[in-house]
2 protein chains.
Amino acid sequence: MSGETENPGEIRPGGRTARTRDAVCRSTLQVLAELGYAELTVERVAERSGVHKSTIYRRWGGIDGLVVDALAFAVDDDWEPDLSGNVEANLMEFARMALASFADPVYGPTHTAVVAAAFQSDRAVDAVHRFFADRFGRTSMIITRAIENGELPQNTDPEAVIRALMAPIYFRLFISRQSVTDVDLEQAVQAALAAALAGVFENQERR
Amino acid sequence: MSGETENPGEIRPGGRTARTRDAVCRSTLQVLAELGYAELTVERVAERSGVHKSTIYRRWGGIDGLVVDALAFAVDDDWEPDLSGNVEANLMEFARMALASFADPVYGPTHTAVVAAAFQSDRAVDAVHRFFADRFGRTSMIITRAIENGELPQNTDPEAVIRALMAPIYFRLFISRQSVTDVDLEQAVQAALAAALAGVFENQERR
DNA sequence: GCGTTATTGCAACAGATGTCGCATTACAGT
DNA sequence: ACTGTAATGCGACATCTGTTGCAATAACGC
């Protein structure tokens, strides 16, 4: 990490500040993993992290801020999709990975928490919005590659395909609260591909 | 309403009890419509309804109970889908109606609240689960009819098509927090139909 | 090193949230 | 009407949530 010199001269990102953020974010993730979003309170994070309650309120504002920052703290910025197979295989691989990430004891509850927080906090809404823009943006490479290979129609909108793929999975996980099996993943992949092949996701219908 | 005689002799569903439930549910819906889920507190509902705080806690348990009961209170049990057109038209009509219902000043916030409450309450999870089972069950008539008319493959799973149609809409509304336009609805309908026509939603693959 | 000051700790506080025992009300059966 | 009792009202209470003023600490520039 470098580039501490571009600060306006008022903020101090130095050692202590970084340490408290580290402790608070770790504790937040820990509580989410152990007890879940419903049991996440500022006081509990304060106790575990050793950082005082008022400090947390001042810097993070509340639960929503904690969740948002914890996600940013935990997320892997260097992720890129696997492009080693055909579209179908690549999408299926991605879908499996996404589902597995929700089963991860740390990342799963954290992601769930941000989605939950978005129902009550505009900051969380922004965070969710940015998260999906980033993730789906990266993943759309799978579709871009497929178009180049002639596997999908010329001006298919890549992100539309990804959204179509992931929407049913998120829907089952967070809205209708049904379990997601491997069969569901295959069905989602097949459905997204069938729609894409039928030209549903072509952006400019220049027929 | 009739059938008060089948009570086990301990519960009193008579006048007062019904009135308090009525008052509490109405106030809950009113607060949700005016201020939204984030501002929904037991005390506020108590004030507006004139029902005492402790009564609400005893009978409804808390916010989640209020939201669940308010949904049951507000929901239209006699709804049935319009079957006057072809599949595409009927699905589009349904999708438009569903989206419009979220814009409804009372029903929209209420539905949102139940989905939100499901992140923290098992009772809300049950309610959401039942709600979708009911709604999607009814709507699947559109698909059943289409299969009879030969518009869709023989053993297409009706509910799978409905889920495929609605998932992207719910995803945009509640997860990725993007606006939903009429174009999005059309795309969702087209995508679901394309997948169904391709045989993605056939239950027993007896190829 | 040394002073300035952002950051944090501390503690007291107001308000919201949820629980409980007891008094009061009103439904249901006679 | 009269009675037993479920349902509600009432208020006191413990707990949780979030805020604020002030003191202690440690980062940054010199």
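Residue numbers begin at 1 in each chain, while the letters A, B, ... track the order of the sequences. Quick caveat: nothing in here was measured; it's all calculated off a predicted structure.
Note on B/T17: every side-chain N or O is 4.0 Å or more away from OP1 and OP2 of D/dA7. Between B/S54 and D/dG9 there is no side-chain polar atom (N or O) within less than 4.0 angstrom of OP1 or OP2. Taking side-chain N and O atoms only, A/R59 has a distance below 4.0 Å to OP1 or OP2 of C/dT8. Taking side-chain N and O atoms only, A/Y57 has a distance below 4.0 Å to OP1 or OP2 of D/dG18.
In this structure a side-chain-to-backbone donor-acceptor pair under 3.5 Å is present from B/S27 to B/A23. In terms of modelled atom types and a separation under 3.5 Å, the side chain of A/S140 and the main chain of A/G137 share a donor-acceptor contact. In terms of modelled atom types and a separation under 3.5 Å, the side chain of B/R138 and the main chain of B/E80 share no donor-acceptor contact.
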When the side chains of residues 183-192 of chain B are checked against the rest of the protein, which donor-acceptor pairs come out under 3.5 Å, sequence neighbours left out?
unit_1	atom_1	unit_2	atom_2	d
B/D184	OD2	B/T181	N	2.8
B/D184	OD2	B/T181	OG1	3.0
B/Q190	NE2	B/E88	OE2	3.0

Under 3.5 Å, which donor-acceptor pairs link side chains of residues 93-102 of chain B to any protein atom two or more places apart or in another chain?
unit_1	atom_1	unit_2	atom_2	d
B/R96	NE	B/D182	OD1	2.9
B/R96	NH2	B/D182	OD2	3.0
B/S101	OG	B/A98	O	2.6

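Across all strands shown, A/R58 has heavy atoms under 4.0 Å from base atoms, whether or not it also approaches the sugar-phosphate. When heavy atoms are screened at a 4.0 angstrom cut-off, A/G61 is found touching no nucleic acid atom at all.
Rounding to whole angstrom units, NE2 of residue A/H52 and C1' of D/dC22 are separated by 13 Å. Distance A/E43 CD to C/dA16 C1': 13 Å, rounded to the nearest Å. Rounded to whole Å, the distance from CD1 on B/I63 to P on C/dT19 is 12 Å. Atom CH2 of A/W60 is separated from atom P of C/dT7 by 12 Å (rounded to the nearest Å). Rounded to whole angstrom, the span from the CD1 atom of A/I56 across to the P atom of D/dT17 amounts to 12 Å. Rounded to an integer number of Å, the gap from A/R19 CZ to D/dT25 P is 15 Å.
With the nearest nucleotide of DNA chain D identified for both A/K53 and B/R21, B/R21 has the one nearer the 5' end.
Aromatic rings from A/F171 and B/F171 are positioned such that their centres are separated by 6.0 Å or more.
Taking the six-membered ring where tryptophan is involved, the planes of B/F132 and B/H111 are tilted, since the angle between them lies from 30° to 60°.
For the segment residues 31-41 of chain A, the set of residues with a heavy atom within less than 4.0 Å of an atom of DNA chain D comprises A/T41, in numerical order.
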